[in-house]
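Okay, structure first, notes after.
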Amino acid sequence: MKSLYKERDARRYIEKYRNVPEDLALRVYTSHLIGADAELVLHGGGNTSVKVLVKNILGEEREVLFVKGSGWDLANIEPKGFVGLELSPLRKLRRLPRLADEEMVNQLRVNAIEAQSPNPSVEALVHAFLPHKYIDHTHADSILVLTNQPNAKEIVEEALGDKVGILPFIMPGFPLAKAAIDFYEKNSYVEALVLLNHGLFTFGDNPRLSYERTIYYVDRAEKYIKKKINKKVFIHFARKLPPWKKIVSSAVRFNQILRGRVAYRDLNGSLRRFLIEVRSSPEILKISLSREAPRLCSTGVLTPDHIIRTKNYPVFIEKVPSTDSELKDLLWNEVKKYVERYNRYFQRNASLRKTSFKKLDPYPRVFLVGGVGLVALGYTRREAKICADLAEHTLQAKIKAESIGTYKSLPEKILFEMEYWSLEQRKLGKRAFLPLQGQVAVVTGAGGPIGLGIADRLISAGAVVALADISKERLKKVEKILVDRYGSSWVETVVMDVRSLKSVEEGYRKISYKLGGIDIVVPNAGIAVVGKIENLEVADFQRVIEVNLTGVFNTIKASIPVFRRQGTGGNIVVISTKNVFAPGAAFGSYSASKAGAHQISKIAALELAELSVRVNLLNPDAIFGEGEIPSHLWKEVGETLMKSRGLSAGDIEEYYRKRNLLKVKVSPYHVGNAVVFFATEQTPTTGATLPIDGGLPAAFPR
Ligand code: ZN
């Protein structure tokens, strides 16, 4: 590992953040250097600080500690992500024999120099008590490889030399802060502190020194590990990997059945589903197929704060059985064993304490699956990704640790304390569950305005949406709009031709590989051709039937095996049209194809009820473009249709608005709201049709 510090870049930060103290601008710079390296910190892990003299409103100078705020990531932290804290009152806290966590948080908050600042890191007091101007704290993988060993102290001394202080694992917060300063005062020659099973603190009187000490010690650790590994091979990586197609098809079945297995009803009776992130890089696959894979799953977390994301143990699955029923049995048993083990662990540890704890869900978060790779679960996609990243790093670190010695995790007593520590749980944020959270929706014809409206509303309700369309270009446009609104983790795209069952199946496989499965299906793709029967070409008629009728059939049909494997019900909301009840002349292919799709959807309602899958229909009318997304259907047929009614094309939107009872313009978001209404299962309804047309008596469902 090499220092990336460049004076030129440092000056650029000072220039960029002219309105904050220079020391803080530089603190941002070296924090970014640390945050950019996943070997040093992952997902908001680690923290940094600087002490600066700042004038208060009366012009009085006082020492202020700027320390990373909770919820910020070192990789992209801004000056405002550092919480300014009055140093002198915080330092006095050291006199206390003990300080409860909640009171510590309170003390940190009341000493903030800005009322609006975020909560400072739980490790803020370590930064406050140590005297150095700059302090850098990381959870570097290679340091943990050295510390997660039975004879960690010896190894760390041998690897990092004698200017490093070594502390046992101590709960972060007040106890760790006290231990750190007590140690430092007796051993003020040290340049760094290694906290066993936790990480590294380095310090210095300038940003470069403190940062480069981190790099220096991590580099020493890496070199030490490299040298040792040559002497002992722990893992026998698999040489032959399965073909990619096989990996994906196994992962897809595994994901779908697993999602069903771990879905559970919460105290409010809502079904909680997980999203899944699979990692099948060649390295991970080689590990998953190695002889040592079970052993790698028999040991616990790399560092205790991973436990809230990954739980302590991964589950090892040797291989994915070839039939669904065998796979179901296997997962049924493995998850059952895991849950029982977790419940025992909870009982054992909760009963030792005076306070009572609300038990967290007992489900595993990480699976290592032979021939599939690493499978990680989370309540949101972001959580699933974080979990997968932590699990990947942990696996690699365990292999290194086993190669230089024996990997050893912390005892469960400490892990329990961490898992149920209020300050740790707070990191997950207040988990207000959105009604569709954890669900995956697929919307076909998503490259048009209605697709955008539906996807937008589904995401607002908490679902992750896979946008499907035959046109990659149109998908990209809608994707961009949604990513700008909600961020990239809520949207996936898949190019799919609904006319082909194979193409739809392939699309669903991609979605299930990437997200875990499918819960909501919205067949929305449609085309239209204007023309009286007399003039309508058979080929044009058939083209419309292929998309509007066969397409809906395929989209529903391909979803059934997915629903069956998951076993958690689901919702199909078919975008039909008011034309089914009130057809129009010169619109025969469209109306007939949609009427057919309507009927097949009702049949699906009859057939899929046994799987608790509901099928409902929406009948919108006259929905035009939305912002920059044009309606291709209207572009193609609007003019001809208006002409056939003796009207000019320019008046089209007004014409349709005036036509309905409520005199309203119907928007794609209205359709989206109706999809959400059905998907959230607020009424026990299936086989129903809901008009979204402003009221058209001729099209009242009957
Ligand atoms: Zn830490």
Side-chain angles (χ1 to χ4, degrees), residues 27 30-31 34-35 37-50 65-75 77 81-83 101 104-105 108 118-130 132 134-148 152 156 164-181 183-184 192-203 210-211 213-214 217-218 221 300-310 386 389-390 393-394 397 409-410 414-415 417-419 421-428:
R27 178 68 282 176
T30 51
S31 300
I34 289 174
D37 193 334
E39 298 288 319
L40 293 176
V41 288
L42 276 175
H43 295 296
N47 40 65
T48 55
S49 70
V50 59
L65 168 75
F66 287 95
V67 63
K68 193 194 90 160
S70 211
W72 283 85
D73 200 306
L74 289 179
I77 192 164
F82 286 90
V83 187
D101 297 327
M104 178 187 78
V105 172
L108 293 171
N119 269 327
S121 156
V122 294
E123 278 149 352
L125 283 185
V126 183
H127 294 265
F129 289 178
L130 288 171
H132 312 82
Y134 284 87
I135 298 177
D136 294 46
H137 169 49
T138 54
H139 302 152
D141 289 350
S142 50
I143 298 293
L144 293 166
V145 168
L146 306 182
T147 67
N148 293 17
V156 174
V164 169
I166 302 170
L167 292 177
F169 183 84
I170 298 162
M171 278 296 277
F174 189 67
L176 176 58
K178 261 192 110 144
I181 185 60
F183 182 90
Y184 180 76
L193 290 176
V194 167
L195 314 177
L196 300 188
N197 299 75
H198 179 165
L200 177 71
F201 275 91
T202 63
F203 17 80
S210 183
Y211 161 73
R213 278 180 174 162
T214 293
Y217 283 111
V218 172
V301 286
L302 193 55
T303 178
D305 68 349
H306 288 185
I307 201 156
I308 56 166
R309 307 278 187 189
T310 63
I386 291 176
D389 286 343
L390 298 180
H393 277 262
T394 299
S409 188
L410 284 166
I414 292 174
L415 297 173
E417 199 170 334
M418 205 66 175
E419 189 174 5
W421 191 27
S422 60
L423 302 187
E424 199 62 11
Q425 282 300 324
R426 184 179 293 175
K427 284 190 194 165
L428 295 174

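Indexing begins at 1, ligand by ligand and atom by atom, following the structure's order. What you see below is based on every heavy atom in this structure, not just the backbone, and it leaves out hydrogens, waters and symmetry mates.
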Problem - Heavy-atom donor-acceptor pair, Thr147 side chain to Asn197 backbone, under 3.5 Å - result: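 The answer is yes, because a donor-acceptor pair under 3.5 Å joins these two groups.
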Problem - Test item: Thr202 side-chain N/O and Ala192 main-chain N/O as donor-acceptor pair under 3.5 Å - result: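 Here the side-chain-to-backbone pair does not exist.
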Practice task
Check whether any N, O or S atom of Asp305, backbone or side chain, sits closer than 2.8 Å to the Zn ion (ligand 1).
Solution key: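 No, Asp305 does not qualify, because none of its backbone or side-chain N, O or S atoms lies under 2.8 Å.
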Practice task
Could you tell me whether Arg27 and Asp136 have a side-chain N and a carboxylate O separated by less than 4.0 Å?
Solution key: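 Result for this pair is yes, salt bridge flagged.
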Problem - Considering only N, O or S atoms of Glu123, the one closest to the Zn ion (ligand 1) - result: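 Restricting Glu123 to its N, O and S atoms, the minimum distance to the Zn ion (ligand 1) goes to OE2.
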Problem - Nearest to the Zn ion (ligand 1) - the N/O/S atom of His198, by atom name - result: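 Of all N, O or S atoms belonging to His198, NE2 is the one nearest the Zn ion (ligand 1).
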Handout entry: Whether Phe203 and His132 hold their rings parallel, tilted or perpendicular, with breakpoints at 30° and 60°
Key =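 Parallel.
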